[in-house]
2 protein chains.
Amino acid sequence: MSTHDEILRLGDDLMRMHGFNAFSYYHLADALKVRPAAVHYHFPTKDALALSIVNRSREAFHSFSERVLLEADLQIRLKSFVRIFAENADTGKICLMGAAGADFYSLSEDTRGAVRLFVLDIIAWLTDLLDEGRQCGDFTFDGLPRTRALLIATNLAASLHMARILGKKEFQSISGQLVKDICPSKKSTKRSSSKVRGK
Amino acid sequence: MSTHDEILRLGDDLMRMHGFNAFSYYHLADALKVRPAAVHYHFPTKDALALSIVNRSREAFHSFSERVLLEADLQIRLKSFVRIFAENADTGKICLMGAAGADFYSLSEDTRGAVRLFVLDIIAWLTDLLDEGRQCGDFTFDGLPRTRALLIATNLAASLHMARILGKKEFQSISGQLVKDICPSKKSTKRSSSKVRGK
DNA sequence: CAATATACTGACTACTTAGTAAGTAGTCAA
DNA sequence: TTGACTACTTACTAAGTAGTCAGTATATTG
């Protein structure tokens, strides 16, 4: 892998693990066994790097959304989406929505625009999935598909924070229930029987 | 207000607006018209400041939870909780769960512990509210009250990121539907009629 | 009134930060 | 083989960083 690509990969890792303001050109250079000026050669300013990191994630999501088209089952498509977050929960990273959202005011207008497009891509994809799924009976939910997409995306994004703060098992609770909520298969009645209710 | 308290208030603002690594002793001192050493006098290290900021938020939540006991209606109690987030959405701030979660690995073990207790307090309060509400028919939802509490907390936390990235109106969509989802009043059937379905 | 505590200031240190400028080794094409 | 291009290095700067230490003005208290 080229230095250029390694900087992007590591920059993405650091941004989502420690935050945009918590790593420096020196950190990147040191880990990649080059001099800080080499990082500046590929990404003149830190904001140029941030922009490239965001666009790289956006491209990665596009390739995910194409790859997932091979899977006909919409519930499995949703679970593939959830699995992306599960992998991040395992490694202690948060998603780019969460990271860029937290560091939003440290980013340039250009980079904020790229973040916006990235999130809009995700919400549009989820909206389409939910809309199609509700029409064919694979998903059950109230309200607009786009609103439901926002609810699911926010659940998953912040569940990575919860995984850090309270422990990884919390991710399983959240993502498990989130899927159950909209997948109608052998569902109990909505008002719980309260027999095995826990807290 | 004492310098001590003003540092805490401003520190909380900066932490939730820009992130823990995006402000310095100089920023605090400059805004409060004192010298940086004065900030060190009250909070010797930046981590001591972070810990105090978190504990202050925890105390603020305790006083919220006591204040809200005056309100008998559980749905209104929930809406009071949602309103805290709505105010943050307006000012562009994220909540401490989101901010501390993003900067988690910049914090000491002690401070992480305080964050954990803060989040556990919130989840416990929400869990009790939901549990009590389901028993008396004010709330309707599947699964454990604690899991539902995690879902609602993650929706609200990340909705503040969404408000930054996509615009404040997204917060209204998310929080509005979130409340509708668990408040049974004059609810449409769960499988949407698809008449006015939008995207 | 003297001793003590509080809440600072001024001056400083050691280090990190993003960013620049000039030079170099290797490749590749005309 | 020359001249341009790529991918760096070395050496640097100016600014910002957390944190220290020795003082000082002002209350407070025994």
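Just so it is clear: chains get the letters A, B, ... in the order the sequence lines come, proteins before strands, and each one is counted from 1.
A donor-acceptor contact under 3.5 angstrom links the side chains of Gln177(A) and Asp181(A), judged on distance only.
For the pair Tyr25(B) OH and dA14(C) P, the computed distance is 20 Å after rounding to whole Å. Separating the CD1 atom of Ile7(A) from the C1' atom of dA7(D) is a distance of 11 Å, rounded to the nearest angstrom. Protein atom CG of Leu28(A) is 12 Å distant from nucleotide atom P of dG19(C), rounded to whole Å. Distance NE2 (His27(A)) to P (dC15(C)): 15 Å, rounded to an integer number of Å. For the pair His42(A) NE2 and dA18(C) C1', the computed distance is 17 Å after rounding to whole Å. Remark: C1' of dA11(D) and NE2 of His40(A) are 14 Å apart, rounded to the nearest angstrom. Spacing between atom CZ of Phe20(B) and atom P of dT17(D) amounts to 13 Å, rounded to whole angstrom units. Regarding Asp47(B), its CG atom lies at a distance of 9 Å from the P atom of dG19(D), rounded to whole Å.
When distances are taken from the side chain of Thr3(A) to each of dC8(D), dT20(C), dT17(D), the shortest belongs to dC8(D). Listed nucleotides: dT20(C), dA7(C), dG19(D). Nearest to the side chain of Lys46(B): dG19(D).
The closest donor-acceptor contact from the side chain of Arg16(A) to the backbone of Ala99(A) lies at 3.5 Å or more, if one exists at all. No side-chain donor-acceptor contact under 3.5 Å links Asp138(B) to the backbone of Gln75(B). In terms of modelled atom types and a separation under 3.5 Å, the side chain of Arg112(A) and the main chain of Leu107(A) share a donor-acceptor contact.
The aromatic rings of Trp125(A) and Phe81(A) lie tilted to each other, with the angle between the two planes from 30° to 60°.
Contact annotation: His4(A) does not reach the phosphate of dT6(D) (side-chain N/O to OP1 or OP2, under 4.0 Å). Taking only side-chain nitrogens and oxygens, Tyr41(A) comes nearer than 4.0 Å to OP1 or OP2 of dA7(D). Here Ser24(A) reaches the OP1 or OP2 of dT17(C): one of its side-chain N or O atoms lies under 4.0 Å away. Under 4.0 angstrom from either OP1 or OP2 of dG10(C) there lies at least one side-chain N or O belonging to Arg35(B).
Of the residues near DNA chain C, Tyr26(A) and Ala37(A), the one whose nearest nucleotide (by heavy atom distance) lies more toward the 5' end is Tyr26(A).
Residue contacts shown for Phe23(A) are limited to sugar-phosphate atoms, with no base heavy atom under 4.0 Å away.
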